[in-house]
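Being a predicted model, the structure only gives us computed values, none of them experimental. Just so we're on the same page: letters track the sequence lines, and every chain starts at 1.
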There are 2 protein chains.
Amino acid sequence: MSPDTPQPPGTARPGRSYHCHVEVTVDVIGGKWTPVVLAHLKEHDRLRFAQLRRLIPDITEKMLAQRLRELEAIQIVDRIPVSTAPPHVEYALTAQGRSLAPVLQAMWEWGRDWAATNRLAVDPVQFRH
Amino acid sequence: MSPDTPQPPGTARPGRSYHCHVEVTVDVIGGKWTPVVLAHLKEHDRLRFAQLRRLIPDITEKMLAQRLRELEAIQIVDRIPVSTAPPHVEYALTAQGRSLAPVLQAMWEWGRDWAATNRLAVDPVQFRH
DNA sequence: CATGGTACGCACTTTTTTGTGCGTACCATG
DNA sequence: CATGGTACGCACAAAAAAGTGCGTACCATG
């Protein structure tokens, strides 16, 4: 693999080998925040950076920006600059990103049930435009 | 939260707060190897430690043992000692573990499609009894 | 007892991920 | 120009996850 050859999206690690398709998914949307960010984007047509930040209270701006940049780079998320006053950016799932809906939906439902079974408090932030 | 009070399963971090059900799922089955281990267990009634190790070639025994222990602790996996010659242990998903099937299936399918789109090689190991 | 198979556990070490603190760039407005 | 809003980027630092090397415990068999 020559350094001049761009890596296919989703392979952050050169020479990464896969022996199971689930490994691929974990490689692309693994980590603490990426699935959460995607789950929120799945529920809304478009979201501003600040809206995402508010919907995910425990994420740092740094992590949010970084996750979004990476998802944009692999064409799972579109980044849409909006020239208003004040100007801002909006993020939306691409068609490719929307193909993650079954994964995210299943994760959401399982998490809901697990939380109920184990009496975990889940306090969603109210969405605000 | 007194140290004597056992944490509910799935909360490795005391005081962990959740604002989205997907965060819960990530907390329980996040990480590099847990989803992979679970995916293999989903495909087989029972698997020996050594079978899992062979099916997941890049995992260390340490990581495999650790993941299995944690999954057993939160009752997602059953650990079944088998007295044969040689003796071994078998692992199987609990009913609770099997509730993860939609998540794992969705992850598998998405990973397959992503790999195809991005020309990633996925080389599953042939199952051997 | 010695040996082999099996499944780990321990003490570190390395790698990866996430977080902290601050500053920057851009745009619009008064 | 100053100010405010917005969305980050940078240079570390801290935390978490994963890996390494070795050894141990248990069981069965000869």
* To do: Tell me which nucleotide among D/dA18, C/dT20, C/dA7 gets nearest to the side chain of A/K62.
  => C/dT20
* Asked: Would you say C/dG19 has OP1 or OP2 under 4.0 Å from some side-chain N or O of A/K32?
  -> yes
* Asked: If you pin B/P87 and A/T34 to their nearest nucleotides in DNA chain C, which one's is more 5'?
  -> B/P87
* **CG on A/D27 to CG on B/L120, rounded to 0.5 Å** => 8.5 Å
* **Whole angstrom value for the distance that separates P of C/dA11 from CD of B/Q66** => 14 Å
* Asked: Taking the nucleotide of DNA chain D with the closest heavy atom to each, which residue, A/L68 or A/P86, is nearer the 5' end?
  -> A/P86
* Separation of atom CZ in B/F49 from atom P in D/dC27, rounded to whole Å -> 18 Å
* Measure from CD on B/E61 to P on C/dG9 and round the result to the nearest Å. => 12 Å
* Touch check for A/R79, heavy atoms < 4.0 angstrom, all strands: base, sugar-phosphate only, or nothing? -> sugar-phosphate
* **Nucleotide of C/dA7, D/dA18, D/dT20 approaching B/T60 most closely (side-chain heavy atoms)** => D/dT20
* To do: Return the nearest nucleotide to the side chain of A/R48; candidates are D/dA18, C/dT6, D/dA7.
  => D/dA7
* Within this structure, what is the CD-to-C1' distance between A/E70 and D/dG9, rounded to whole angstrom? -> 14 Å
* May I ask you to check whether B/W114 and A/T25 show a side-chain donor-acceptor distance below 3.5 Å? => no
* Decide yes or no for B/L64 and B/W33: does some side-chain heavy atom of the first lie under 4.5 Å from some side-chain heavy atom of the second? => no
* Any side-chain N or O of B/W33 under 4.0 Å from OP1/OP2 of D/dG19? -> yes
* Walk me through it: do A/R112 and A/E109 pass the test salt bridge (Lys or Arg N to Asp or Glu O under 4.0 Å)? => CA-CA 5 Å; A/R112 176 200 60 198; A/E109 284 169 17; 5.0 Å; no
* Contact check, side chains of B/Q96 and A/T117, non-hydrogen atoms, under 4.5 Å -> yes
* Polar side chain donor-acceptor pair, B/S17 to A/D58, under 3.5 angstrom -> yes
* Asked: At under 4.0 Å, does any side-chain N or O of A/R53 touch on OP1 or OP2 of D/dT6?
  -> no
* For atom CZ of A/R67 and atom C1' of D/dG9, their distance in whole Å -> 14 Å
* Between C/dT18, C/dA7, D/dG19, which nucleotide has the shortest distance from any of its atoms to the side chain of A/M63? -> C/dT18
* To do: Quickly, which of B/L47, B/I56, B/L55 forms a side chain to side chain contact (heavy atoms under 4.5 Å, CB included) with B/V37? Name it, please.
  => B/I56
* Return the value, rounded to whole Å, for the distance between atom CD1 of A/I29 and atom C1' of C/dT17. => 16 Å
* Sugar-phosphate, base or nothing in reach of A/S83, heavy atoms under 4.0 Å -> nothing
* Asked: So what is the 5' to 3' dot-bracket string for DNA chain C, if pairs are Watson-Crick or G-U wobble with both distances under 3.5 Å, crossing pairs use [ ] and | means the partner sits on another strand?
  -> ||||||||||||||||||||||||||||||
* Asked: When the distance from CD1 of B/I59 to P of D/dT20 is rounded to whole Å, what number comes out?
  -> 12 Å
* Asked: Any idea how B/H44 and B/F127 line up, ring-wise: parallel (<30°), tilted (30 to 60°), or perpendicular (>60°)?
  -> tilted
* Rounded to whole angstroms, how far apart are CG on A/L64 and P on D/dT6? -> 14 Å
* For the side chain of B/R69, counting heavy atoms from C-beta on, which of C/dT18, C/dG9, D/dA28 is nearest? -> C/dG9
